[in-house]
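Here the structure comes first, spelled out in structure tokens, and everything after it is commentary.
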There are 2 protein chains.
Amino acid sequence: MQRQAYKNLFYLGGFGVSCFFSGVYFQKRYTIEGCDLKNYPALPIFGTVSAATPFTPQVTEQKVSVVNRVSQIMKYGFPSLDNIRSFEDYVLSYDRRNRVANWVFEHLTAEKVKHNPEVTRATCEFKPDESIHTFFRSQNSDYKKSGFDRGHLAAAGNHKSHQKHIEETFFLSNIAPQVAVGFNRDYWNSLEKYVRNLTKVYRNVYCCTGPLYLPQINSDGKKYVKYQVIGENNVAVPTHFYKIVVGESEDGKLDMEAYCLPNTVISADTPLTSFRVPPESIERAAGLLFFDNLSRSKLCKINGKKN
Amino acid sequence: MQRQAYKNLFYLGGFGVSCFFSGVYFQKRYTIEGCDLKNYPALPIFGTVSAATPFTPQVTEQKVSVVNRVSQIMKYGFPSLDNIRSFEDYVLSYDRRNRVANWVFEHLTAEKVKHNPEVTRATCEFKPDESIHTFFRSQNSDYKKSGFDRGHLAAAGNHKSHQKHIEETFFLSNIAPQVAVGFNRDYWNSLEKYVRNLTKVYRNVYCCTGPLYLPQINSDGKKYVKYQVIGENNVAVPTHFYKIVVGESEDGKLDMEAYCLPNTVISADTPLTSFRVPPESIERAAGLLFFDNLSRSKLCKINGKKN
């Protein structure tokens, strides 16, 4: 009887072990081959910004939100890919030769441009962008006594919902030498306000801003690019600035407007529409492709005219 | 008795099921969390060149050899990463705004610069680089009647071991407007010969060549960058050209030489050494970092002087 009990126990053990390995096999077969990547925390399901860091073991919530914000801002494509610098509420590409950004990208909505009364511009300070190599980094001293304003590319006024957002627009990588009276403080400021007001018309406004260095025909009949450089770091003074804007309506319709303004005194009564130019002309001059993820044939209007 | 048998069968079934799920749990715990990424074919274990193509199922031998050649040429680092274009025997970064390369990189050895008698320059033709977007692509028509030569950055004379290699140096992405007599056809050519001859001294010669747009002080005491642009595509005429060379001896010793020449007639009796400049000065002016993978403290000589 006791021998029979041992025998039963042996069979039972064998049965248990075989069930265990059946379970192992089952799980292996249906998880390794069909490995559910969405549940695997280290794998980027969506594209990552940097090729150098495809594997991020610890992603904090804040980092995730910044990456999400970058993909929101850059929804319609990067105009170029050199020296990308992403902040919490805007993204730029830095021109290391001219010490001014190539382009600065913003995403504006009515909610985001609302002025949070706790946010103040008064404590903001222009500061060098330490992420730029010292050889190519512009400094406050470069602008001092140059006669030019430190003009914002991503406008401070667009980023008043959080103190950190407005503070980040004061990095010198977002700044370019602008004519002060009659331009930065006046006409350019009006253009910034105009773009901000587009959030009353469109659910989403995507705004790309940058410098241009346009050629002119000289007295010898030849074309020359000529621009001043200021300070020890030879910060380029752009001849012109562009703004190219896409507005996305509630119903998903898309319009584009493109502006090119000379970096000079502009009379306040000059109509803004007189600075509208074909988007391609800015692309050719800047060496950039704007809203490249968006087929231009999908735009309803370009510069107010049916496309 | 029959009831007891059913009861035993029930316990046995329960035992089997619990063993099965133990097995499932065991396998899940020790494979999903520690998932062996090396066996998962879609994940790049090693760094990839392009973020867009981390997985290349079919790589031909020729492609592998081109990639190997690129890594040989670029051994000491990319000066920048915008608009990289790799050919079979040289690599460049294209400046879409100026329609001239930012830099062109070559790797020369005594064997590679030897003239294969089957290779001829006579059948080579300057041709637009179709890989560049039409907005930014320079054309032969831009150079026509401009008064400037179509000057090679990667010298044709460095790539005479294969017909395809020399032909690829005639892509207009490798070409810049150069003053013809007294520069491209004379002094610049001597510098190219000098660099080629360094392969008699060094086992490996790494050569980076590119344009500069240097500021000058005007009569108003301010600094201006001024350069001509030619043709319908506004191809920039560089004010200067640089060459920065690293020679690697048989014993692994490294020397660096850096030259900056004005794009103008230079008298043949001007010593080449008079155009030597600190490598940092070219880096600052060009917005580039040369031989960045190579600590400058490891160089034995810079411009012929002990480092």
Side-chain angles (χ1 to χ4, degrees), chain A residues 8 12 15-28 31-32 35-37 39-40 42-43 47-52 54-55 80-83 93 95-99 102 133 135-136 213 215 218 222-230 233-234 236 280 283-289, chain B residues 8 12 15-28 31-32 35-37 39-40 42-44 47-52 54 80-83 93 95-99 102 133 135-136 213 215 218 222-230 233-234 236 280 283-289:
Chain A
N8 283 348
L12 190 68
F15 179 64
V17 167
S18 64
C19 285
F20 177 84
F21 281 106
S22 300
V24 166
Y25 174 77
F26 176 85
Q27 176 65 13
K28 185 168 179 160
T31 54
I32 291 297
C35 191
D36 189 356
L37 297 183
N39 295 328
Y40 198 78
L43 298 178
T48 53
V49 171
S50 162
F55 183 73
S80 71
L81 288 171
D82 40 327
N83 309 301
S93 156
D95 179 352
R96 300 195 301 188
R97 185 168 64 216
N98 279 341
R99 292 63 147 126
N102 289 305
H133 190 288
F135 283 6
F136 318 126
Y213 308 91
N218 252 29
K222 294 174 185 170
K223 292 180 286 182
Y224 292 87
V225 169
K226 184 182 177 187
Y227 54 89
Q228 194 183 338
V229 295
I230 56 172
N233 294 300
N234 290 333
E280 298 76 30
E283 290 179 308
R284 285 177 190 272
L288 302 171
L289 293 170
Chain B
N8 282 348
L12 190 66
F15 179 64
V17 168
S18 64
C19 285
F20 178 84
F21 282 106
S22 302
V24 167
Y25 174 77
F26 176 85
Q27 176 64 16
K28 187 168 178 162
T31 55
I32 291 295
C35 190
D36 191 355
L37 299 181
N39 295 328
Y40 202 82
L43 301 175
T48 54
V49 171
S50 161
S80 72
L81 289 171
D82 40 328
N83 309 303
S93 156
D95 179 352
R96 299 195 302 187
R97 186 168 65 218
N98 281 339
R99 291 65 145 124
N102 289 305
H133 190 289
F135 284 5
F136 319 127
Y213 308 91
N218 254 30
K222 294 173 185 171
K223 289 179 288 181
Y224 291 88
V225 169
K226 184 182 178 186
Y227 54 90
Q228 194 183 337
V229 294
I230 56 171
N233 294 299
N234 290 332
E280 297 78 31
E283 289 178 310
R284 286 178 189 272
L288 302 171
L289 293 170

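Labels below follow one simple rule: chain letters A, B, ... track the order of the sequence lines, proteins then strands, and each chain is numbered from 1.
Looking at B/Asn83, there are no atoms closer than 4.5 Å to chain A (heavy atoms on both sides), in backbone or side chain. For A/Ala236, no part sits under 4.5 Å from any heavy atom of chain B, backbone or side chain.
Separating the CZ atom in A/Phe136 from the CZ atom in B/Arg284 is a distance of 8.5 Å, to the nearest 0.5 Å.
The two residues B/Arg96 and A/Leu288 have their closest heavy-atom pair at NH2-CA, 3.7 Å. Taking all atoms of both residues into account, the shortest heavy-atom contact from B/Phe135 to A/Glu280 is CZ-CG, 3.8 Å.
Using a 4.5 Å heavy-atom threshold, the side chains of B/Leu289 and A/His133 count as touching. No side-chain heavy atom of B/Lys223 sits less than 4.5 Å from a side-chain heavy atom of A/Ile230. No side-chain heavy atom of A/Lys226 sits less than 4.5 Å from a side-chain heavy atom of B/Tyr227.
Of the listed residues (B/Asp95, B/Asp82, B/Val225), the one with the most heavy-atom contacts under 4.5 Å to chain A is B/Val225.
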